Chemist: 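Have a look at this one.
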Amino acid sequence: MSFSIHEFTTRREKLLASMGEGIAIVPTAAEALRNRDSHYPYRFDSYFYYLTGFKEPEALVVLIAGSAPKCILFCREKDMEREIWDGFRYGPAAAQEIFGFDEAYPFSQLDQMMPQLISNKAQLFHSLGANAHWDIKVTHWLNQVKDLARTGISAPEVIRDVRQLVDKQRLLKTPFEIDLMRCSANIAAHAHNRAMQKTKVGKSENEIEAEFLHEFYRKGAQAPAYTSIVAGGSNACTLHYNANNALLNAGDLLLIDAGCELDGYASDITRTFPVNGKFSAVQKDLYELVLAAQLAAIDVAKPQQHWNKAHEAALEILAQGFIDFGLCQGSRDEVLESGSYRQFYMHRTGHWLGLDVHDVGDYKDPQGSWTILEAGHVLTVEPGCYVRPAENVPEHFWHIGIRIEDDVLITSSGNEVLSHEAIKTVADIEAQMASGK
Ligand code: GLY
Ligand code: MN
Ligand code: MN
């Protein structure tokens, strides 16, 4: 996917228009040490990247709203010595040109320039509380300006959270973002299909995790979007399992929750399939229940429906199934009312998806009503069923953990399942697994 300067300048223009007056400060993430002098792979801050498209660490964007709006980038200077060791850096002059800024300066000049930039501005937009380092810096700059009161210079009196404005923008994906998210989902979907072919009794969860990394990097994704969950047998009943180091046993299911990140955009897909390639009767019963719940939830994920409708649709199907299988007692309404279904389904049915896997955006409005879905929203639909050993549960259900998760774009006429290429019917899964033999 090629870089689109227009995409990023438009995002900044929108933010400037929504600010009214004032100055916004958005820093990127710091590099993080993993141990001694080894770093974690660098990942930019999602807000900063959303507004700039700039991936280097040690950078900050300033947006000045008002009659003469201006966007300023602070970034690392060119440095031949550091570039020999660490790689290319744009430097302010090239970054200004390529990323479409009005001005760009060395990051090292921040402390010198920021007090002047925030002077006499009505409002300061900053993510107060998000990062202690930047809170201290911003407080310091504000205090420097306040010290100039006697000279007639004023500091911003109103401090607002810039994230509230950007979140509204990020929630509605543009065509550029949708293309990227479709590609991200497609790469992850094919990785899941490949994993089905590669899974064999006696392999380890790590070996299957490696198949995902292979497919992600080979297809151009830069990283997994989150730590993959590769959970055989009872491990699937641990919702955030990520040890991924057990052997795969015949007769067990394998639950894999894995997605990739493509130019910042996450996919988030879960598939569950039998290690030996063939669902047992009880596995098939529960799998088809979860699949029916997922399809019902996807069906109501469309414009004008509220956010929680998909969760409600999934719950109705799951509750009835739990009753039919003798896992829950009472009528469907009683099971829903009492919450007894939570013994087997204890999470919600989805979340917003975008630059962050659990993406930003409100689920309710200020009055407490669920957000109404509209074209451009992207969310996951991920019902599941997790049966731990318990006295009230017949033993043949024990240790079965199932989740089926897809990425869904709301369109003007309904929805598009971005991850539709990931195989999910019982017949298709068994055929796919047989093709890998
Ligand atoms: N993979 C994280 C989630 O499904 O929410
Ligand atoms: Mn998810
Ligand atoms: Mn997931």
Side-chain angles (χ1 to χ4, degrees), residues 43 46 170-171 173 181-182 184-196 205 208-209 211-213 215-216 221-232 235-244 253-262 264-273 287 290-291 293-295 297-298 301 307-311 313-315 318 342 344-361 363 371 373 377-386 401-410 415-424:
R43 170 53 156 77
S46 295
R170 283 178 56 183
L171 182 55
K173 272 65 182 178
M181 293 192 73
R182 198 180 276 120
S184 179
N186 204 37
I187 293 170
H190 284 278
H192 278 271
N193 294 347
R194 176 186 167 88
M196 288 175 199
E205 293 165 346
I208 307 304
E209 183 179 13
E211 298 295 343
F212 280 84
L213 297 178
E215 199 66 7
F216 290 167
Q222 291 84 12
Y226 51 91
T227 306
S228 303
I229 296 170
V230 184
N235 294 333
C237 295
T238 301
L239 296 179
H240 290 165
Y241 175 80
N242 60 21
N244 298 355
L253 291 175
L254 175 59
L255 181 156
I256 302 178
D257 185 341
C260 60
E261 187 173 294
L262 181 68
Y265 286 86
S267 43
D268 181 8
I269 303 177
T270 307
R271 288 294 182 265
T272 310
F273 52 90
Y287 185 87
V290 175
L291 183 56
Q294 203 226 15
L295 294 175
I298 291 173
W307 163 263
N308 207 42
K309 198 81 181 163
H311 184 55
L315 274 187
L318 289 173
R342 290 202 189 98
F344 311 107
Y345 182 45
M346 59 298 281
H347 60 76
R348 294 191 54 84
T349 302
H351 49 82
W352 303 126
L353 184 69
L355 282 171
D356 293 304
V357 65
H358 296 161
D359 207 30
V360 298
Y363 292 95
T371 298
L373 297 180
H377 286 161
V378 180
L379 52 125
T380 66
V381 179
E382 49 177 307
C385 167
Y386 314 89
I402 296 166
R403 180 164 62 256
I404 307 172
E405 175 174 27
D406 279 301
D407 303 342
V408 177
L409 164 72
I410 307 299
N415 68 49
E416 175 188 338
V417 179
L418 299 177
S419 48
H420 69 97
E421 297 254 339
I423 287 165
K424 68 177 172 184

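In what follows, residues are counted from 1 in the order of the sequence shown. Note that ligands are numbered from 1 as they come in the structure, with each ligand's atoms numbered from 1 the same way. Nothing here was measured: the structure is a model prediction, and the numbers come from that model.
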Chemist: What N/O/S atom of D268 is the closest to the Mn ion (ligand 2)?
Modeler: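 For D268, the N, O or S atom at the smallest distance from the Mn ion (ligand 2) is OD2.
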Chemist: Compute whether any side-chain donor of one residue and acceptor of the other, for S419 and D406, lie under 3.5 angstrom apart.
Modeler: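 Yes, because at least one side-chain N or O of S419 sits under 3.5 Å from a partner of the opposite role on D406.
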Chemist: Rounded to the nearest 0.5 Å, what separation is found between the CG atom of D257 and the CD1 atom of I229?
Modeler: 4.5 Å
Chemist: Does any donor atom in the side chain of H347 or Y386 lie under 3.5 Å from an acceptor atom in the other side chain?
Modeler: yes
Chemist: Taking 2.8 Å as the cut-off, does H358 contribute an N, O or S atom near the Mn ion (ligand 2), distance below it?
Modeler: no
Chemist: With a cut-off of 2.8 Å, does any N, O or S atom of E405 fall short of it relative to the Mn ion (ligand 2)?
Modeler: yes
Chemist: Examine ligand 1 and decide if any of its atoms is less than 4.0 Å from a heavy atom belonging to V357.
Modeler: no
Chemist: Out of Y363, W352, W307, which residue meets the ring-ring contact (aromatic ring centres under 6.0 Å, His included) rule with H377?
Modeler: W352
Chemist: Using only heavy-atom distances, determine whether the side chains of D268 and T380 contain a donor-acceptor pair under 3.5 Å.
Modeler: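 No.
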Chemist: Examine H351 against ligand 1 and note whether any of their N/O atoms are separated by less than 3.5 Å.
Modeler: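 There is such a contact, yes.
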Chemist: Give the atom name of whichever N/O/S atom in E382 sits closest to the Mn ion (ligand 2).
Modeler: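 Atom name returned: OE2.
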Chemist: We want to know whether E382 and H351 form a side-chain donor-acceptor pair, criterion being a heavy-atom distance below 3.5 angstrom.
Modeler: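 On atom types as modelled, these side chains qualify, holding a pair under 3.5 Å.
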Chemist: Considering the heavy atoms of E405, write down every atom of ligand 1 situated less than 4.0 Å from one of them.
Modeler: 4 (O)
Chemist: Nearest protein heavy atom to atom 5 (O) of ligand 1, by residue and atom, and its distance?
Modeler: H358 NE2, 2.6 Å
Chemist: Please identify which atoms of ligand 1 are closer than 4.0 Å to at least one heavy atom of Y226.
Modeler: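 Here the atoms of ligand 1 in question are 1 (N).
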Chemist: Please report the closest heavy-atom contact between A266 and S184, naming both atoms and the distance.
Modeler: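 Answer, listing the atom of A266 first, then S184: C-OG, 3.6 Å.
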Chemist: Look at atom 3 (C) of ligand 1 and say which protein heavy atom is nearest, naming residue and atom and giving the distance to 0.1 Å.
Modeler: D268 OD2, 3.3 Å
